[in-house]
2 protein chains.
Amino acid sequence: MNDARANTIVDIAHLAGVSKSTVSRALNDSPLVGAETKQRIREIARQQRFQMSDPARRLSLGQSHVVALVTYAYKADDTVPDAFMLETMSGIASGLHAEGYDLLVIQVSPTDTDWVRRYLQSGRVDGFILLAASCTASHIQTLTEANASFVIWGGASGSHNYCSVSGDNFAGGKVATEHLLRRGRSRIGFMGGPAREPEVRERYRGYEVALRDAGKSVDPALVTYGPFSLAWGTKAVVALLEQASDLDGLFVTSDAVAIAAMEELRARGLRVPDDVAVVGYDDVALARHSAPPLTTVRQNGPLAGRLLAENLIQHLRTGAVTNVSIPAELVVRESA
Amino acid sequence: MNDARANTIVDIAHLAGVSKSTVSRALNDSPLVGAETKQRIREIARQQRFQMSDPARRLSLGQSHVVALVTYAYKADDTVPDAFMLETMSGIASGLHAEGYDLLVIQVSPTDTDWVRRYLQSGRVDGFILLAASCTASHIQTLTEANASFVIWGGASGSHNYCSVSGDNFAGGKVATEHLLRRGRSRIGFMGGPAREPEVRERYRGYEVALRDAGKSVDPALVTYGPFSLAWGTKAVVALLEQASDLDGLFVTSDAVAIAAMEELRARGLRVPDDVAVVGYDDVALARHSAPPLTTVRQNGPLAGRLLAENLIQHLRTGAVTNVSIPAELVVRESA
DNA sequence: TCATTCATTGCAACCGGTTGCATCATAGCA
DNA sequence: TGCTATGATGCAACCGGTTGCAATGAATGA
């Protein structure tokens, strides 16, 4: 190996004729080094294509500059893989990157809470990003007890002492329902996801308020909850039609499920939107190309990701707790 | 802070009345420590809920036990968010996890190659997982020169000296085309993705061979390439029909694009599969619920992910270069 | 001109593990 | 009984940075 490239700050120090402290300070842009010295050292480092050892740095500084995105093992059958999820992840990654952080993706089992300790106490990560959909109360408790920094996507809007970023699910549900009302629908069904998810509850509230504002009240026969699965989309439509054959509008809190629902409607000879108008949620890429193209509520995934990243980092640095809500926008296509 | 929990191996050493070397060895299950001593130390560590410092460990060992998944910034407009991608990622994460590795997701710009050095030389990661679709020759060259461990998803099947895992794209293309032939179609179009992508080329080869085996040859008017975007799906159908109005079968190398194509066919009054039979690729979750449900070629995403992880780790440990191909399976639904 | 301040730089300890080598006690063997 | 092979443990150096404090020299002010 004639690879005499400088590999540690000591090597750089030799080349520059200074001590390693000075090199360390120069590369960290400390004001304690003279301007020309700093310049010279940095130039040498550049020529040598020098990269500081990250583990050593972490060890000294006591922080990893890594954030974990906590997920469950993804199963194609019961989760619909959002464009949204990928978009958001992309936003998270670039938001973190801009601040010099890296994104670690970890999978945890729903019943295990030990991962908090494993990742935090070992210094592998500085903080966590969780998704409300896959995040139980016990997880939150564990995180709080461990004094961890974390931020949750889609948490309840209620009072809590942790950071969160959510879509404006209430507004989204409201605008979707109002749109259906404006289209002259009077028997509007609500197909939620799991009833326990805060996102779903908020969207329901929006649905409820929109109806109330229009002088109507909610008919329980028109409301149904279930998993966010395509199979359920089909089943729910069947059940809904049995309970309320005069259904003429449908607000589904997931595009994928909405598309499955539309398929079932069609299979039963009902035309969309003529017989039943349908509004989805998420604006998945395929929504634009469904039959008919789906009217839906769009959330800005990259923005969400960026905010998650920024708020978490802010919490790491300052301890500030922020709760942000990003707007929901109705995208009108042909299904309603 | 009365938090007197043991935080370093030295604390454990005190509690156990041994030296820190012994603790280190005990926790690493070294055969150099006596059995009872090892037991005792481990028990104490458990009681203290002790976690070794990862940065310190990395610094000593010179490895990070972290692998980077290299992605480009995700843009909803020109990339179709695969279920496959998410599934594969999940497989990668659990494959890595089983071997004690973590998954870091990094975004790089197509023109930048410096990230290799930044991540590798700094010791932040031990190796890389790349996707052929977003992976230029210069990236590969840089990786090779840096002597990095890496594995590529969907690389060419040709001869190369790096690890790769791919779907059997040739077989997939062949089986899809054969299915269309079996359905009595004689004017079968090929809608590929970007012509430069190895995956696409292989699928085309399968298409070509299937036709040849059936005594037909490829009609260039039936073949078209373009980006994997939904908008292109629509446009390509228009173009194809102009060039060959007698089109009666269509093999599209992406489900999402295929769904967009079917929509356009329908818009032009052509029935699927009666007038034009369509076969897609990927078996996206929505494929089952498109109109009509899409016949497609399925790849096992979780398996792919697991193999990517395992082969990379094997390369890290032994330097072994493996090239694996996973099977492609035809899923017959109603579109063909 | 001398004392004092300030800007630079170096020294050395520290972060928390790993590991080669020395040490030591014990068991095995002649 | 004396000597060696062997297993268990400790010592101390090392991984590559960061940082408090001391030291140095020059510039400032009286």
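All chains are named by letter (A, B, ...) in the order of the sequence lines, taking the proteins before the strands, and each is independently numbered beginning at 1. Being a predicted model, the structure only gives us computed values, none of them experimental.
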Asn28(B), nearest nucleotide to its side chain (from dG16(C), dT18(C), dG17(D)) =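 Between dG16(C), dT18(C), dG17(D), the one nearest the side chain of Asn28(B) would be dT18(C).
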Is a side-chain N or O of Arg117(B) found less than 3.5 angstrom from the main chain of Arg49(A), in a donor-acceptor match?
->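 Yes; judged by distance alone, with no hydrogens or angles, the pair exists.
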Is a donor on one side and an acceptor on the other found under 3.5 Å between the side chain of Asp112(A) and the backbone of Asp114(A)?
->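 Judged by distance alone, yes, a pair lies under 3.5 Å.
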Got a list of protein N/O to nucleotides 7-11 of chain C N/O distances below 3.5 Å?
| from | atom 1 | to | atom 2 | distance (Å) |
| --- | --- | --- | --- | --- |
| dT9(C) | OP1 | Thr37(A) | OG1 | 2.7 |
| dT9(C) | OP2 | Gly34(A) | N | 2.8 |
| dT9(C) | OP2 | Thr37(A) | OG1 | 3.2 |
| dG10(C) | OP1 | Ser19(A) | N | 3.4 |
| dG10(C) | OP2 | Ser19(A) | N | 2.8 |
| dG10(C) | OP2 | Ser19(A) | OG | 3.0 |
| dG10(C) | OP2 | Thr22(A) | OG1 | 2.5 |
| dG10(C) | O6 | Arg25(A) | NH2 | 3.1 |
| dC11(C) | N4 | Ser21(A) | OG | 2.6 |

Would you say a side-chain N or O of Asn7(A) is under 4.0 Å from OP1 or OP2 of dG16(D)?
->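 Answer no for this pair, as no side-chain N or O of Asn7(A) is under 4.0 Å from OP1 or OP2.
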Under 4.0 Å between a side-chain N/O of Ser24(B) and OP1 or OP2 of dG17(C), yes or no?
->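 So the side chain of Ser24(B) is outside the cut-off, no N or O lying under 4.0 Å from OP1 or OP2 of dG17(C).
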Give me the bend of the helix from dT1(C)-dA30(D) to dA30(C)-dT1(D), using the axes of the five pairs at each end, rounded to 10°.
->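 Between the axes fitted at each end of the helix from dT1(C)-dA30(D) to dA30(C)-dT1(D) lies an angle of 50°.
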Quick one: does Tyr119(A)'s side chain get under 4.5 Å of Leu104(A)'s, heavy atoms only?
->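 Answer yes - side chains close enough.
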Whole-Å distance separating the CE atom of Met52(A) from the C1' atom of dG17(D) |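 Value for this atom pair: 7 Å.
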What are the residues of residues 56-65 of chain B, sorted by number, that bring a heavy atom to within less than 4.0 Å of DNA chain C?
->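 The answer is Ala56(B), Arg57(B), Leu59(B), Ser60(B), Leu61(B).
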When rounded to the nearest 0.5 angstrom, what is the spacing between CD1 in Ile12(B) and CG in Leu27(B)?
->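 One gets 7.0 Å once the value is rounded to the nearest 0.5 Å.
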When you check the side-chain N and O atoms of Gln107(A) and Ser90(B), is any donor under 3.5 Å from an acceptor?
->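 The criterion, which ignores hydrogens and geometry beyond distance, is satisfied for Ser90(B) and Gln107(A).
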